[in-house]
Peer 1: 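Dumping the structure here so I can ask a few things about it.
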There are 4 protein chains.
Amino acid sequence: MSDIAHLGPVELLTPKGDETLHFFHELMGMEIEGEEGGSVYLRGWGDYQRYSLKLTESPSSGLACAGLRAYSPQALERRVAAIEAAGLGEGWIEGARGRGPSYRFRDPDGHAFEIYFEVERYEPPEHLRPTLKNQPQRYVPRGCAVRRFDHLNLLAGDVRANRLFAQEALDYRLYERVELDDGTEAGAWMSATINAHELIYTQDHSHARGRLHHLAYWVDTREECMRAGDIFVDSDIRIEFAPSRHAVAQGFFVYVIEPGGNRIEVTSGGYQVYDPQQPTVVWTAAERARGQFWGNPTVASFHTYGTPPIEADGHEH
Amino acid sequence: MSDIAHLGPVELLTPKGDETLHFFHELMGMEIEGEEGGSVYLRGWGDYQRYSLKLTESPSSGLACAGLRAYSPQALERRVAAIEAAGLGEGWIEGARGRGPSYRFRDPDGHAFEIYFEVERYEPPEHLRPTLKNQPQRYVPRGCAVRRFDHLNLLAGDVRANRLFAQEALDYRLYERVELDDGTEAGAWMSATINAHELIYTQDHSHARGRLHHLAYWVDTREECMRAGDIFVDSDIRIEFAPSRHAVAQGFFVYVIEPGGNRIEVTSGGYQVYDPQQPTVVWTAAERARGQFWGNPTVASFHTYGTPPIEADGHEH
Amino acid sequence: MSDIAHLGPVELLTPKGDETLHFFHELMGMEIEGEEGGSVYLRGWGDYQRYSLKLTESPSSGLACAGLRAYSPQALERRVAAIEAAGLGEGWIEGARGRGPSYRFRDPDGHAFEIYFEVERYEPPEHLRPTLKNQPQRYVPRGCAVRRFDHLNLLAGDVRANRLFAQEALDYRLYERVELDDGTEAGAWMSATINAHELIYTQDHSHARGRLHHLAYWVDTREECMRAGDIFVDSDIRIEFAPSRHAVAQGFFVYVIEPGGNRIEVTSGGYQVYDPQQPTVVWTAAERARGQFWGNPTVASFHTYGTPPIEADGHEH
Amino acid sequence: MSDIAHLGPVELLTPKGDETLHFFHELMGMEIEGEEGGSVYLRGWGDYQRYSLKLTESPSSGLACAGLRAYSPQALERRVAAIEAAGLGEGWIEGARGRGPSYRFRDPDGHAFEIYFEVERYEPPEHLRPTLKNQPQRYVPRGCAVRRFDHLNLLAGDVRANRLFAQEALDYRLYERVELDDGTEAGAWMSATINAHELIYTQDHSHARGRLHHLAYWVDTREECMRAGDIFVDSDIRIEFAPSRHAVAQGFFVYVIEPGGNRIEVTSGGYQVYDPQQPTVVWTAAERARGQFWGNPTVASFHTYGTPPIEADGHEH
């Protein structure tokens, strides 16, 4: 029970517009909902909103902005008041494509967000009308055929500060976190629903701020995650972390680097939280050193790479 | 965002105590959490409460009572006030095993419920302590190894009346319903969370009241539902409806009749509702006549059989 | 250990050339290997030969011819001698696309076959070259993305006579059969390898001869069979028999009627036979009446429909 | 088309008899077929022979002997003649439990084998009789519930010499091999059937001879391999190589070290070879350096550890 209904859409930046679009349309299997102002809007077949991804060509990669839908007009008011109280508000703006008035703000690390309540539900054109009417769109069997946007992992210099902001100002629930021996918080997994993670902060060891760790898109089965791996192998997309299962949040994954450089996950599984008093799981460094669910090690770049990328000296590429 | 956290535990009646216990322990793979007052308490390895099923031997089968956990003390107060206003309250009772003060009531069809807020979280004994601490219990690979209680389907003479009570007094959200050509409501699928169904009412064509259609237990994959089918085939358990996928709510299923006569489902999949303004899907009789998701027909007994069973003349066995 | 390496390619007839081609290319996800003489040649990404399906437009539907690859030149000689001894040979012909000299014959029911040894292995063009060289072609994630041709089920007026011919003249092994109470053989499942079925005969209750029951294409997982079901539901393809598991041979299936009228299966699973002395399983009518693996009934049309279709009076459409 | 029907049963040695038995019975889910002479005989529910594993307590771990069933009495004669011609025969012995006269020999690396034709098919006791008669035994849902023995990987000082012996004397077909830049053969994957691997040799970098790399047991789905991983995580069994997919032979796997020290795989998937003229795939060191199917690296111990284990100085533990 949170004032937040869900995260997304997100606006993703890419220095390789055509190749990144090909990645999301042909390989991830998303539909192009429209184009506007130089950006392309894409959706999974199960997204209820008009789109869940806005792609914008840009000199570098990274996340431009994340949408956040409040659960009700009153929830929106409460969240805006809390954000303003935290001194991180930037003010009301006219809504983006498919949504009403939005309030723009940044988290402590500098990631831009827009929170709003009013949205348009997707109305499929004739050729995408589903056979079963409890589904927003026809299932299109192209590429990975991802169902919907699932979760967002943001890099932050100070995980704890951003996590506290997300809990207090945004009304997220904290399900798991990692605390190192020196008290540093290395990661925090939060959700506005019963799903184990929707908004994640993990530590940015660089001096850069406002960076993206990854976007995750949902498929219904682990078999589809592995099939995504097969597709990427035969499409010359770099798989950074082969299909496996996380220890934290227990989700199944495959991570790739899309042609524009952003890390993208295809995910399924994970647990659900029915207990309104669920205690937060706190992992120690020693526990996390045991690796992922089945004991396999985490790929090293997973702890260092983000977008926009950083040169060794701390400057962007 | 509902005042309800979740349904369950449920108390199930069986005329064949030993055989039904064998079914849930050996074949469904649930753990015996304890025994008390002649009843046996069982749990899935993923249930966060001490138990999700109370088994009680009785002259006939059916549902004795369903638990309902409120989301907060305030939510509990609101629900009790609404139930009392509906004239269906029976009063406060001391809490059952593992829970605090509970308010007992009946739905319009006569099914008994108890609503409460305080519960005890499960503390596993040493031999059931999980390796990963974000899991309530060790995974025990016995039988179907169901994870947790998932949903409850109740038969009702007047689906609409019960559905309205669940929406108004219990704060359930209505995601799908079936309305016949004469205006009769044949079924209603409701939830307190983003999962597509947690509490279902379907029509009882007999004169009996307060009957059970089925209890459903969750497994994480469709493969495990099919494996459950394999287990039942080789265990002489009657499969009523072979593994397949529902059109309504889109869940994957296998339905069996446990030795005591109650219909039990092993389920996975289904969609999730992120839209706080999700419009209810209303199916017509013609649409439902197209069968399940892949067009296969529904087994006839699915529309007639419930527990306790009814003789042709309307009397119980 | 059979003189036969495998069945296929097959030539399929369709009165709706464009729609059937769309079905196999877009929905089944096969590649077009080439066009020649008005026919289109298609392949699954895992077929080692150049093609496994030849599509030919024709006034009606059905099977024009089935290829049969002998295991060696000597095996080919032995089989031709046996076929000639059975009086069913039609003589040597120049090889079809991608294969060497072939001997043409008919089974007792009149289905045409061509048996040969020499074939060309598929050489993928650059854009279809696989990343892993132990795979004949890149995995192309379009539609069901079937891997390869798997098995063939032929209708026959006299199953026993055709089965005996397949065993004696073609060197097939008989793994399972159905024998009715009056001694009629209702079906026979044979294989040239350890896979549970490759060539099947089932009873044609009509007066027509040489008809096709179905062609089956392989996918690696049951999840992909179910996904095929999802694709067909949203592509207006008629699913005749929803995804489930057979009792005989234990294969997982979904059956559809392609736009030209032919029954097509997407299949996975089934058992393997390692025993060179494997006894044939003989099912009685009573045993088959128990339905498929999980007890669900067989769709009625499965016992009557074949291609080319027969009118009630016995004439073709 | 090989003179060999299949590999197995195998006799495995363990210094921890009770714990290893618990591993195979409770966790792998095999049935105890009998005990004789201090050894325990186990079977998967899908093994057609009486048993596929003989467990014997011993000071160290490793493989005592591998059975090899010839396809026919004539095939047995041919193989014995070829083995004798290679100078590696040890002579005829009375058959082991459940099989007839056997010829004992060693491969060039010193692994012991027994080849035979006559075997007894398994006859299940009443409580293990399957519901479907095309299955050798009831499916028992305990632990991983492995179906049958699948393949054997042996370490060898000279892979090429052992591979050539297996091809020439044993009539195995070679599907894939690894050849290093200096011409050394690092691994060879062979089969007597269409399945991609049944007998594998990989390089033993130690001075020891006759060692075991691993035994593999089959489950029908990748989901069951991952479920095996879950079971091992919660059973304190060391997972050496988390569930993933091989590049060579493309099989899905999870590798564990059983309590006695032997490496055991639960496997599914892989491709099949229908071409009687299938060219052998030869991998270079550079190609193998790309890792497994999805690019993930191979666990280092996979290249060094075998049983019986070797101390750094070359002596056994």
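All values below were derived from every heavy atom in this structure, side-chain atoms included, with hydrogens, water molecules and symmetry-related copies excluded. So you know, we letter chains A, B, ... as the sequences are listed, proteins then strands, and number each from 1.
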Peer 1: Identify the heavy atoms of C:Glu223 and A:Thr221 that sit nearest to each other, and give their distance.
Peer 2: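 Where C:Glu223 meets A:Thr221 most closely, the heavy atoms are OE1-CG2, 3.6 Å.
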Peer 1: Which residues from residues 251-268 of chain A are near chain C, with near meaning under 4.5 Å between non-hydrogen atoms?
Peer 2: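 The residues closer than 4.5 Å to chain C amount to none at all.
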Peer 1: If you look at every heavy atom in C:Gly143 and A:Arg227, which pair is closest and at what distance?
Peer 2: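 Looking at all heavy atoms of both residues, the closest pair is O-NH2, 4.4 Å.
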Peer 1: Check each atom of A:Glu26 against the heavy atoms of chain C and say whether the ones under 4.5 Å are side chain, backbone, both or neither.
Peer 2: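 For A:Glu26, neither part sits under 4.5 Å from chain C.
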Peer 1: Can you name the nearest heavy-atom pair linking C:Val233 to A:Thr131, along with the distance?
Peer 2: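 Result for this residue pair: O-OG1, 2.7 Å.
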Peer 1: Write down the atom of A:Tyr139, the atom of C:Asp234, and the distance for their closest heavy-atom approach.
Peer 2: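 Closest pair (atom of A:Tyr139, atom of C:Asp234, distance): N-OD2, 2.6 Å.
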Peer 1: Between A:Arg138 and C:Ser235, what is the shortest heavy-atom contact and its length?
Peer 2: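 Where A:Arg138 meets C:Ser235 most closely, the heavy atoms are NH1-CA, 4.1 Å.
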